[in-house]
2 protein chains.
Amino acid sequence: MDQQQISAYLLKNGVRPLQKRVKIMNYLVSKRNHPTVDMIYSDLIHEINGLSKTTIYNVLNLFVESNVALALNIEGNEIRYDADTSAHGHFKCKICTGIIDFRIKKEEMPVPMLEGFRIDEQHYYLKGVCSFCANKIEA
Amino acid sequence: MDQQQISAYLLKNGVRPLQKRVKIMNYLVSKRNHPTVDMIYSDLIHEINGLSKTTIYNVLNLFVESNVALALNIEGNEIRYDADTSAHGHFKCKICTGIIDFRIKKEEMPVPMLEGFRIDEQHYYLKGVCSFCANKIEA
DNA sequence: CATAAATTTGTAATCATTTCATTTATTAAT
DNA sequence: ATTAATAAATGAAATGATTACAAATTTATG
């Protein structure tokens with residue numbers, strides 16, 4: 001996705017494609033690292049002159065409201081963001097703190113018996129040790 | 001579960017059954033309300049003389065480490081606790097903020113293809129509007 | 001009982017996030 | 001283009017949950 005495509009994508013979802021918004025969305029879709037606000041800030045501060053952390057909070061909150069990003073609450077003390085809003089699960093490694101996506105077909109998602117409930121969001125996540133870190137520990 | 005059973009349960013899981021620990025665990029298993037630390041504090045302060053919020057944090061962290069309680073990270077700004085450590089999902093209502101358990105059989109849980117990963121925890125949660133609040137809105 | 005070890009307490013520190021008033025950028029109209 | 005009106009970005013200060021830590025208390029052990 002280049003700047004043009006990102007702008008179009010935001011516009012289609014009711015988000016005015018302003019400079020910083022486009023750059024932050026571009027960061028999310030190109031890095032796919034499920035970053036915290038701090039990670040985004042440290043990486044983009046070099047690229048965007050005079051970027052403020054508050055702006056990142058504002059933009060991300062807007063993204064989440066507009067359904068172009070997900071807020072992941074895996075650990076209690078940090079929110080991580082994901083531009084992939086399709087159905088998928090997340091694995092968080094306790095050692096390296098990295099988050100890895102894994103595909104789940106919608107049909108595989110268990111459907112709970114909740115008569116009369118309106119379900120807006122489904123989240124499925126795992127915690128453990130990723131294969132890379134597991135290998136390190138063995139060695 | 002009475003005090004005796006709770007003490008035995010804690011002991012079996014490597015947690016010394018001290019007074020406040022037993023009372024906090026008793027609260028969790030009897031109320032089943034997925035409380036925050038503040039909810040536990042406001043309810044138990046009347047019952048336990050000179051209870052400190054720090055103690056609740058300490059005890060809950062110990063419970064989670066010892067696998068006798070789960071820390072639920074559904075909303076970014078609060079951790080909620082659950083003494084039911086068996087496989088089940090959680091639904092959080094956006095309106096009344098209540099959390100409702102729902103059964104999922106272990107077999108129904110989707111198994112991701114994560115070769116060489118060690119999976120310690122599985123979490124499945126939904127957000128939306130519960131039937132009770134949905135009815136209110138309609139009316 | 002007395003002592004040592006573990007736990008609880010309360011205050012202060014920390015950290016992520018939000019609030020808010022001000023400044024700056026963007027859009028629309030002239 | 002210029003200007004006026006609107007929306008967004010900024011930074012400092014406030015908030016709120018959680019943790020750190022030293023002192024006081026409780027629990028287990030000889």
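To find a chain, count down the sequence lines: A is the first, B the second, and so on, and within it residues start at 1.
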Taking [atom1] from [X] and [atom2] from [N], how many angstroms apart are they, rounded to a whole number?
X	N	atom1	atom2	answer
A:Leu60	C:dT18	CG	C1'	14 Å
A:Asn73	C:dT17	CG	C1'	13 Å
A:Glu75	D:dA17	CD	C1'	15 Å
A:Leu62	D:dA8	CG	C1'	10 Å
A:Ile24	D:dA8	CD1	P	13 Å
A:Arg21	C:dT27	CZ	C1'	13 Å
A:Tyr41	C:dC15	OH	P	16 Å
B:Ile48	D:dT25	CD1	C1'	16 Å

- Would you please say whether a donor-acceptor pair under 3.5 Å links the side chains of A:Asn33 and A:Tyr27? yes
- Item | Donor + acceptor pair across side chains of A:Asp38, A:Thr36 (<3.5 Å) | no
- Query: Between B:Gln19 and C:dT7, is there a side-chain N or O to OP1/OP2 distance below 4.0 Å?
  - Reply: no
- Return no unless some side-chain N or O of B:Arg16 is found under 4.0 Å from OP1 or OP2 of D:dT27. no
- Query: Which letters describe nucleotides 18-24 of chain D, given B = protein heavy atom under 4.0 Å from base, S = only from sugar-phosphate, - = neither?
  - Reply: BBB----
- Query: In terms of the angle between their ring planes, are B:Phe91 and A:Phe117 parallel, tilted or perpendicular, with boundaries placed at 30° and 60°?
  - Reply: perpendicular
- Parallel, tilted or perpendicular for A:Tyr125 and B:His123, by the 30°/60° rule? parallel
- Query: Side-chain contact, heavy-atom cut-off 4.5 Å: A:Tyr81 with A:Leu72?
  - Reply: no
- Task: Show your working on side chain to side chain donor-acceptor pair (under 3.5 Å) between A:Tyr124 and B:Gln122 and close with a plain yes or no.
- Result: CA-CA 8 Å; A:Tyr124 183 43; B:Gln122 287 185 45; 3.1 Å; yes
